[in-house]
Amino acid sequence: MSTNENTPQVLPVGTTLDRYIMHRQYAFAFATGELSQLLRDIALAGKIVHREVNRAGLIDLGGEAGQQNVQGENQQKLDVIADVRFRRALTNGGEVCALISEEEEGIIFTGNNKGKYVIAIDPLDGSSNIDVNVSIGTIFSIYRRVTPVDTEPTIEDFMQGGQEQVAAGYILFGSSTMLVYTTGHSVNGFTYDSSLGEFILSHPNIKSPKNGSIYSYNDGNLDDFSEPIKKYLSACRERQYSARYIGSLVADFHRNLLKGGIYLYPSTPKNPDGKLRLLYECYPLAFIAGITGCLAVNDTEAILNIKPTSMHQRTPFYIGAPEMVEELMGHF
Ligand code: FDP
(Lines give C-alpha, C1' and ligand atoms only; values in the text may rest on other atoms or scores of the structure.)
Protein backbone atom coordinates (compact mmCIF):
# COMPACT_ATOMS: atom_id res chain seq x y z
CA MET A 1 0.00 0.00 0.00
CA SER A 2 1.27 3.46 -0.76
CA THR A 3 0.36 6.61 1.13
CA ASN A 4 -0.82 9.71 -0.65
CA GLU A 5 1.76 12.34 0.30
CA ASN A 6 -0.71 15.17 -0.11
CA THR A 7 -2.90 13.83 2.67
CA PRO A 8 -1.98 15.22 6.07
CA GLN A 9 -1.44 12.48 8.68
CA VAL A 10 -2.91 14.33 11.64
CA LEU A 11 -6.40 15.84 11.54
CA PRO A 12 -7.41 18.60 13.95
CA VAL A 13 -8.93 18.00 17.36
CA GLY A 14 -12.71 17.98 16.96
CA THR A 15 -12.75 15.76 13.85
CA THR A 16 -15.38 13.02 14.12
CA LEU A 17 -14.25 9.41 14.11
CA ASP A 18 -16.16 8.69 10.89
CA ARG A 19 -14.44 11.54 9.08
CA TYR A 20 -11.09 10.49 10.49
CA ILE A 21 -11.52 6.89 9.37
CA MET A 22 -12.55 8.01 5.89
CA HIS A 23 -9.58 10.36 5.67
CA ARG A 24 -7.18 7.60 6.66
CA GLN A 25 -8.75 5.27 4.10
CA TYR A 26 -8.22 7.81 1.30
CA ALA A 27 -4.58 8.10 2.34
CA PHE A 28 -4.03 4.55 1.08
CA ALA A 29 -4.27 4.19 -2.64
CA PHE A 30 -5.50 0.58 -2.63
CA ALA A 31 -7.62 0.58 0.51
CA THR A 32 -10.94 -1.18 -0.03
CA GLY A 33 -12.81 0.31 2.92
CA GLU A 34 -13.25 -3.04 4.69
CA LEU A 35 -11.03 -2.20 7.64
CA SER A 36 -12.72 1.20 7.84
CA GLN A 37 -16.11 -0.50 8.08
CA LEU A 38 -14.79 -2.84 10.74
CA LEU A 39 -13.53 0.07 12.83
CA ARG A 40 -16.94 1.73 12.51
CA ASP A 41 -18.59 -1.50 13.71
CA ILE A 42 -16.36 -1.50 16.78
CA ALA A 43 -17.23 2.14 17.45
CA LEU A 44 -20.94 1.33 17.14
CA ALA A 45 -20.70 -1.54 19.63
CA GLY A 46 -18.66 0.78 21.87
CA LYS A 47 -21.50 3.31 21.86
CA ILE A 48 -24.02 0.63 22.79
CA VAL A 49 -21.83 -0.69 25.60
CA HIS A 50 -21.30 2.92 26.76
CA ARG A 51 -25.08 3.20 27.09
CA GLU A 52 -25.35 -0.07 29.02
CA VAL A 53 -22.45 0.81 31.32
CA ASN A 54 -23.91 4.21 32.07
CA ARG A 55 -27.31 2.93 33.07
CA ALA A 56 -26.08 -0.26 34.75
CA GLY A 57 -26.82 1.04 38.23
CA LEU A 58 -30.37 1.96 37.24
CA ILE A 59 -31.65 -1.19 35.60
CA ASP A 60 -30.07 -4.03 37.54
CA LEU A 61 -27.24 -4.77 35.11
CA GLY A 62 -24.68 -4.93 37.91
CA GLY A 63 -23.71 -8.16 39.58
CA GLU A 64 -22.92 -11.63 38.40
CA ALA A 65 -24.66 -13.42 35.56
CA GLY A 66 -24.63 -16.72 37.47
CA GLN A 67 -22.14 -18.46 35.18
CA GLN A 68 -18.36 -18.61 34.69
CA ASN A 69 -16.22 -17.73 31.67
CA VAL A 70 -13.45 -19.96 30.27
CA GLN A 71 -11.01 -18.56 32.84
CA GLY A 72 -13.24 -19.88 35.66
CA GLU A 73 -14.13 -16.32 36.66
CA ASN A 74 -17.70 -15.35 37.57
CA GLN A 75 -19.19 -13.51 34.61
CA GLN A 76 -20.83 -10.17 35.34
CA LYS A 77 -24.04 -9.34 33.53
CA LEU A 78 -22.33 -6.50 31.71
CA ASP A 79 -19.49 -8.84 30.61
CA VAL A 80 -22.05 -11.00 28.90
CA ILE A 81 -23.91 -8.03 27.43
CA ALA A 82 -20.72 -6.48 26.06
CA ASP A 83 -19.73 -9.83 24.54
CA VAL A 84 -23.08 -10.10 22.78
CA ARG A 85 -22.99 -6.48 21.57
CA PHE A 86 -19.54 -6.74 20.02
CA ARG A 87 -20.27 -10.11 18.51
CA ARG A 88 -23.50 -8.85 16.96
CA ALA A 89 -21.98 -5.63 15.58
CA LEU A 90 -19.02 -7.49 14.08
CA THR A 91 -21.23 -10.21 12.62
CA ASN A 92 -23.69 -7.75 11.10
CA GLY A 93 -20.86 -5.59 9.77
CA GLY A 94 -19.69 -8.45 7.55
CA GLU A 95 -15.94 -7.80 7.55
CA VAL A 96 -15.01 -10.26 10.32
CA CYS A 97 -15.09 -13.99 9.66
CA ALA A 98 -14.31 -15.07 13.23
CA LEU A 99 -13.62 -13.79 16.73
CA ILE A 100 -12.08 -15.03 19.89
CA SER A 101 -13.33 -13.52 23.11
CA GLU A 102 -12.32 -13.70 26.72
CA GLU A 103 -15.85 -14.81 27.42
CA GLU A 104 -15.89 -17.85 25.09
CA GLU A 105 -13.86 -21.05 25.05
CA GLY A 106 -13.62 -21.59 21.30
CA ILE A 107 -13.59 -19.64 18.06
CA ILE A 108 -16.79 -17.72 17.35
CA PHE A 109 -17.66 -18.06 13.66
CA THR A 110 -19.66 -15.16 12.26
CA GLY A 111 -20.65 -17.01 9.09
CA ASN A 112 -19.10 -14.22 6.98
CA ASN A 113 -16.51 -16.40 5.30
CA LYS A 114 -15.91 -13.68 2.74
CA GLY A 115 -14.70 -11.42 5.56
CA LYS A 116 -10.95 -10.78 5.46
CA TYR A 117 -10.42 -10.08 9.14
CA VAL A 118 -10.43 -11.84 12.50
CA ILE A 119 -10.59 -10.17 15.90
CA ALA A 120 -9.38 -11.13 19.37
CA ILE A 121 -11.36 -9.19 21.97
CA ASP A 122 -11.83 -8.76 25.67
CA PRO A 123 -15.31 -7.20 25.56
CA LEU A 124 -15.26 -5.85 29.12
CA ASP A 125 -12.00 -5.89 31.01
CA GLY A 126 -11.67 -5.08 34.71
CA SER A 127 -14.91 -6.84 35.55
CA SER A 128 -14.39 -6.63 39.31
CA ASN A 129 -14.89 -2.87 38.92
CA ILE A 130 -18.26 -3.02 37.13
CA ASP A 131 -20.42 -3.15 40.21
CA VAL A 132 -18.72 -0.24 41.91
CA ASN A 133 -18.82 2.32 39.09
CA VAL A 134 -15.06 2.29 38.47
CA SER A 135 -13.45 2.51 35.02
CA ILE A 136 -13.59 -0.58 32.80
CA GLY A 137 -12.70 -1.15 29.17
CA THR A 138 -12.77 -3.14 25.95
CA ILE A 139 -9.53 -4.28 24.29
CA PHE A 140 -9.27 -5.55 20.71
CA SER A 141 -6.76 -6.76 18.20
CA ILE A 142 -7.38 -7.14 14.44
CA TYR A 143 -5.62 -9.49 12.00
CA ARG A 144 -5.98 -10.08 8.31
CA ARG A 145 -6.89 -13.76 8.01
CA VAL A 146 -4.25 -16.16 6.64
CA THR A 147 -6.73 -18.82 5.54
CA PRO A 148 -8.24 -18.29 2.09
CA VAL A 149 -11.31 -16.08 1.80
CA ASP A 150 -14.50 -18.11 1.33
CA THR A 151 -13.31 -20.93 3.58
CA GLU A 152 -13.99 -21.46 7.26
CA PRO A 153 -11.43 -19.58 9.37
CA THR A 154 -9.22 -21.63 11.70
CA ILE A 155 -7.08 -21.20 14.78
CA GLU A 156 -4.16 -20.34 12.44
CA ASP A 157 -5.80 -17.00 11.75
CA PHE A 158 -5.39 -16.09 15.42
CA MET A 159 -1.92 -17.57 15.91
CA GLN A 160 -0.04 -15.13 13.68
CA GLY A 161 1.75 -13.34 16.52
CA GLY A 162 1.54 -9.77 17.77
CA GLN A 163 3.72 -8.32 15.01
CA GLU A 164 1.05 -9.22 12.47
CA GLN A 165 -1.72 -7.09 13.98
CA VAL A 166 -3.15 -4.69 11.42
CA ALA A 167 -4.97 -2.62 14.02
CA ALA A 168 -5.54 -2.62 17.76
CA GLY A 169 -7.25 -0.47 20.31
CA TYR A 170 -9.25 -0.06 23.44
CA ILE A 171 -12.37 1.69 24.63
CA LEU A 172 -12.17 3.12 28.11
CA PHE A 173 -15.45 3.57 29.96
CA GLY A 174 -14.23 6.07 32.52
CA SER A 175 -15.12 9.57 33.61
CA SER A 176 -15.65 9.91 29.88
CA THR A 177 -15.70 7.17 27.23
CA MET A 178 -12.72 7.10 24.90
CA LEU A 179 -11.75 5.01 21.90
CA VAL A 180 -8.01 4.80 21.37
CA TYR A 181 -6.78 2.88 18.34
CA THR A 182 -4.06 2.51 15.77
CA THR A 183 -3.72 0.96 12.35
CA GLY A 184 0.03 0.96 12.81
CA HIS A 185 0.94 4.56 11.98
CA SER A 186 -0.10 6.73 14.89
CA VAL A 187 -2.22 6.24 17.99
CA ASN A 188 -5.23 8.52 18.26
CA GLY A 189 -7.80 8.99 21.00
CA PHE A 190 -11.46 9.90 20.43
CA THR A 191 -13.71 11.04 23.26
CA TYR A 192 -17.39 10.12 23.05
CA ASP A 193 -19.83 13.02 22.99
CA SER A 194 -23.09 11.37 23.96
CA SER A 195 -25.13 14.46 23.05
CA LEU A 196 -23.95 14.06 19.43
CA GLY A 197 -23.58 10.28 19.48
CA GLU A 198 -20.09 10.71 18.02
CA PHE A 199 -16.53 9.88 18.96
CA ILE A 200 -14.53 13.10 18.51
CA LEU A 201 -10.76 13.30 18.02
CA SER A 202 -9.44 14.65 21.32
CA HIS A 203 -5.96 13.10 21.65
CA PRO A 204 -4.20 13.11 18.25
CA ASN A 205 -0.93 11.26 17.77
CA ILE A 206 -0.44 10.14 21.38
CA LYS A 207 3.18 9.82 22.52
CA SER A 208 4.29 8.47 25.88
CA PRO A 209 6.68 10.41 28.11
CA LYS A 210 10.11 8.71 28.06
CA ASN A 211 10.12 8.40 31.83
CA GLY A 212 7.60 8.70 34.61
CA SER A 213 6.92 8.43 38.30
CA ILE A 214 3.80 6.25 38.53
CA TYR A 215 3.92 2.51 39.21
CA SER A 216 0.88 0.26 39.07
CA TYR A 217 0.63 -3.27 40.46
CA ASN A 218 -1.43 -5.29 42.94
CA ASP A 219 0.46 -4.82 46.20
CA GLY A 220 -1.39 -7.73 47.79
CA ASN A 221 0.72 -10.04 45.61
CA LEU A 222 4.08 -8.44 46.47
CA ASP A 223 5.40 -11.27 48.67
CA ASP A 224 4.90 -13.67 45.75
CA PHE A 225 6.95 -11.66 43.23
CA SER A 226 10.47 -12.62 42.16
CA GLU A 227 13.46 -10.81 43.71
CA PRO A 228 14.18 -8.65 40.61
CA ILE A 229 10.62 -7.32 40.61
CA LYS A 230 10.72 -6.65 44.36
CA LYS A 231 14.02 -4.76 43.92
CA TYR A 232 12.59 -2.60 41.15
CA LEU A 233 9.47 -1.81 43.17
CA SER A 234 11.50 -0.94 46.22
CA ALA A 235 13.54 1.50 44.05
CA CYS A 236 10.24 3.08 42.97
CA ARG A 237 9.25 3.47 46.62
CA GLU A 238 12.62 4.94 47.63
CA ARG A 239 12.13 7.63 44.98
CA GLN A 240 8.64 8.24 46.34
CA TYR A 241 6.98 7.51 43.03
CA SER A 242 3.18 7.49 43.09
CA ALA A 243 1.51 4.07 43.42
CA ARG A 244 -1.69 4.02 41.35
CA TYR A 245 -3.61 0.81 40.70
CA ILE A 246 -7.21 0.81 39.50
CA GLY A 247 -7.31 -2.92 38.77
CA SER A 248 -8.66 -2.32 35.25
CA LEU A 249 -5.85 -2.89 32.80
CA VAL A 250 -7.23 -0.44 30.22
CA ALA A 251 -7.58 2.36 32.75
CA ASP A 252 -4.19 1.76 34.37
CA PHE A 253 -2.50 1.58 30.96
CA HIS A 254 -4.26 4.70 29.66
CA ARG A 255 -3.30 6.81 32.67
CA ASN A 256 0.32 5.69 32.53
CA LEU A 257 0.45 6.24 28.76
CA LEU A 258 -0.60 9.86 29.13
CA LYS A 259 1.24 10.69 32.35
CA GLY A 260 4.29 8.44 32.30
CA GLY A 261 4.27 5.25 34.34
CA ILE A 262 4.69 1.50 34.41
CA TYR A 263 2.10 -1.29 34.87
CA LEU A 264 3.25 -4.66 36.20
CA TYR A 265 1.42 -7.97 36.43
CA PRO A 266 4.15 -10.53 37.20
CA SER A 267 3.79 -14.28 37.59
CA THR A 268 2.98 -15.59 41.07
CA PRO A 269 2.56 -19.11 42.46
CA LYS A 270 -1.21 -18.60 41.98
CA ASN A 271 -0.73 -17.47 38.35
CA PRO A 272 2.59 -19.04 37.30
CA ASP A 273 2.24 -17.77 33.73
CA GLY A 274 0.96 -14.38 34.82
CA LYS A 275 -2.70 -13.45 34.81
CA LEU A 276 -3.20 -11.40 31.66
CA ARG A 277 -4.09 -12.92 28.32
CA LEU A 278 -1.65 -12.57 25.48
CA LEU A 279 -3.99 -12.38 22.49
CA TYR A 280 -6.65 -9.94 23.62
CA GLU A 281 -5.00 -8.00 26.43
CA CYS A 282 -1.22 -7.90 26.05
CA TYR A 283 -0.71 -7.95 22.25
CA PRO A 284 -3.09 -5.06 21.49
CA LEU A 285 -1.73 -2.85 24.27
CA ALA A 286 1.84 -3.75 23.29
CA PHE A 287 1.09 -2.79 19.68
CA ILE A 288 -0.26 0.58 20.78
CA ALA A 289 2.60 0.98 23.24
CA GLY A 290 5.25 0.51 20.56
CA ILE A 291 3.82 3.29 18.40
CA THR A 292 3.58 5.72 21.31
CA GLY A 293 7.18 5.01 22.36
CA CYS A 294 6.39 2.74 25.34
CA LEU A 295 7.89 -0.71 25.89
CA ALA A 296 6.00 -3.92 26.67
CA VAL A 297 7.83 -7.06 27.83
CA ASN A 298 7.53 -10.18 29.96
CA ASP A 299 10.51 -11.53 31.94
CA THR A 300 12.41 -12.66 28.86
CA GLU A 301 11.24 -10.95 25.68
CA ALA A 302 9.21 -8.25 24.00
CA ILE A 303 5.49 -9.06 24.19
CA LEU A 304 5.07 -8.72 20.42
CA ASN A 305 7.78 -11.37 19.91
CA ILE A 306 6.07 -14.03 22.05
CA LYS A 307 4.95 -16.92 19.89
CA PRO A 308 1.31 -17.71 20.57
CA THR A 309 0.52 -21.33 21.34
CA SER A 310 -3.07 -21.20 22.52
CA MET A 311 -6.06 -18.89 22.35
CA HIS A 312 -6.32 -18.01 26.01
CA GLN A 313 -2.63 -18.14 26.88
CA ARG A 314 -1.34 -15.88 29.64
CA THR A 315 1.90 -14.03 30.19
CA PRO A 316 3.57 -11.86 32.81
CA PHE A 317 3.21 -8.28 31.60
CA TYR A 318 5.23 -5.12 32.13
CA ILE A 319 4.31 -2.09 30.06
CA GLY A 320 5.01 1.60 30.23
CA ALA A 321 7.41 4.48 29.73
CA PRO A 322 10.55 3.16 28.01
CA GLU A 323 13.10 4.24 30.62
CA MET A 324 11.05 2.68 33.41
CA VAL A 325 10.66 -0.64 31.58
CA GLU A 326 14.37 -0.64 30.69
CA GLU A 327 15.28 -0.10 34.32
CA LEU A 328 13.02 -2.99 35.34
CA MET A 329 14.62 -5.23 32.69
CA GLY A 330 18.04 -4.31 34.08
CA HIS A 331 17.05 -6.18 37.26
CA PHE A 332 16.26 -9.47 35.44
P1 FDP B 1 -10.31 -8.41 35.93
O2 FDP B 1 -9.78 -9.71 36.45
O3 FDP B 1 -11.06 -7.62 36.97
O4 FDP B 1 -11.08 -8.54 34.64
O5 FDP B 1 -8.05 -8.73 32.83
C6 FDP B 1 -7.76 -9.01 34.08
C7 FDP B 1 -7.81 -7.87 35.07
O8 FDP B 1 -9.06 -7.49 35.54
C9 FDP B 1 -7.14 -6.56 34.59
O10 FDP B 1 -7.99 -5.68 33.94
C11 FDP B 1 -6.62 -5.99 35.87
O12 FDP B 1 -5.54 -5.09 35.69
C13 FDP B 1 -6.23 -7.21 36.63
O14 FDP B 1 -6.99 -8.30 36.12
C15 FDP B 1 -6.56 -7.10 38.09
O16 FDP B 1 -6.14 -8.26 38.71
P17 FDP B 1 -5.98 -8.31 40.31
O18 FDP B 1 -7.36 -8.17 40.87
O19 FDP B 1 -5.38 -9.63 40.57
O20 FDP B 1 -5.10 -7.18 40.70
Side-chain angles (χ1 to χ4, degrees), residues 49 52-53 56 61-65 67-83 86 100-105 120-141 168-174 177-178 180 214-226 229-230 233 243-257 261-286 288-289 294 296-298 303 311-320 325:
V49 174
E52 309 289 7
V53 166
L61 286 179
E64 293 176 5
Q67 58 199 60
Q68 292 196 327
N69 67 13
V70 290
Q71 325 291 337
E73 298 159 343
N74 290 332
Q75 283 183 318
Q76 306 284 307
K77 287 180 195 164
L78 267 178
D79 286 358
V80 177
I81 287 170
D83 189 48
F86 277 98
I100 59 170
S101 161
E102 194 211 2
E103 302 301 329
E104 304 279 343
E105 177 81 56
I121 190 163
D122 184 350
L124 211 50
D125 184 64
S127 38
S128 54
N129 284 324
I130 291 175
D131 264 0
V132 286
N133 206 2
V134 173
S135 302
I136 44 184
T138 298
I139 316 176
F140 60 90
S141 169
Y170 58 84
I171 304 173
L172 173 61
F173 305 100
T177 292
M178 262 190 91
V180 176
I214 299 174
Y215 61 120
S216 314
Y217 73 101
N218 185 338
D219 191 62
N221 297 334
L222 181 64
D223 287 348
D224 285 341
F225 294 167
S226 66
I229 306 269
K230 284 184 187 164
L233 292 174
R244 295 280 183 274
Y245 187 69
I246 296 169
S248 283
L249 175 60
V250 172
D252 281 308
F253 172 73
H254 183 72
R255 180 203 50 239
N256 292 352
L257 172 63
I262 183 169
Y263 173 97
L264 307 94
Y265 210 110
S267 57
T268 60
K270 185 176 156 208
N271 291 304
D273 298 321
K275 179 182 181 196
L276 302 179
R277 291 58 154 211
L278 180 63
L279 266 66
Y280 40 81
E281 293 183 316
C282 303
Y283 272 164
L285 296 189
I288 289 173
C294 288
V297 300
N298 67 8
I303 293 293
M311 272 168 41
H312 298 288
Q313 127 186 31
R314 299 170 191 262
T315 177
F317 192 46
Y318 316 110
I319 188 165
V325 177

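Counting starts at 1 for both ligands and their atoms, in listed order.
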Subset of ligand 1 atoms that lie under 4.0 Å from at least one heavy atom of [X]:
X    : answer
E281 : 5 (O), 6 (C)
L249 : 9 (C), 10 (O), 11 (C), 12 (O)
R277 : 5 (O), 6 (C)
Y265 : 16 (O), 17 (P), 19 (O), 20 (O)
Y245 : 12 (O), 13 (C), 15 (C), 16 (O), 17 (P), 20 (O)
S128 : 3 (O)
S127 : 1 (P), 3 (O), 4 (O)

How far does NZ of K275 sit from SG of C282, to the nearest 0.5 angstrom?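 The NZ atom of K275 sits 11.5 Å away from the SG atom of C282.
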Under a plain distance cut-off of 3.5 Å, with no hydrogens placed, do T315 and D273 share a side-chain donor-acceptor pair?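 Result is no, nothing qualifies.
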Say whether R314 and S267, considering side chains only, have a donor N or O and an acceptor N or O under 3.5 Å apart.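 Looking only at side-chain atoms, S267 and R314 do not form any donor-acceptor pair under 3.5 Å.
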Would you say T268's side chain and N271's backbone share a donor-acceptor pair under 3.5 angstrom?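 The answer is yes, because a donor-acceptor pair under 3.5 Å joins these two groups.
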N/O to N/O below 3.5 Å, does that happen between [X] and ligand 1?
X    : answer
N218 : yes
G126 : yes
N221 : no

Option of least heavy-atom distance to atom 18 (O) of ligand 1 (set: K275, E102, R314):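 Nearest heavy atom to atom 18 (O) of ligand 1 lies in K275.
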Does L276 come within less than 4.0 angstrom of ligand 1, counting non-hydrogen atoms of the residue?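 L276 counts as a contact of ligand 1 under the 4.0 Å cut-off.
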Contact with ligand 1 for Y263, non-hydrogen, under 4.0 angstrom: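 Yes, Y263 has heavy atoms under 4.0 Å from ligand 1.
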Go through T138 and V250 one step at a time and tell me if the side-chain contact (heavy atoms from CB on, under 4.5 Å) criterion holds. CA-CA 8 Å; T138 298; V250 172; over 6 Å; no
Does a side-chain heavy-atom distance below 4.5 Å link P266 with S226?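 With C-beta onward as the side chain, the pair stays apart.
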Taking side chain as C-beta onward, heavy atoms only, is Y217 less than 4.5 Å from F225?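 Answer yes - side chains close enough.
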Return the minimal non-hydrogen interatomic distance between G247 and D252, and the atom names on each side.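 Here G247 and D252 meet closest at N-OD2, 2.9 Å.
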Picking from L249, L172, L124, what satisfies side-chain contact (heavy atoms from CB on, under 4.5 Å) with I139?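 Going through L249, L172, L124 one by one, the side-chain contact (heavy atoms from CB on, under 4.5 Å) with I139 is satisfied by L249 alone.
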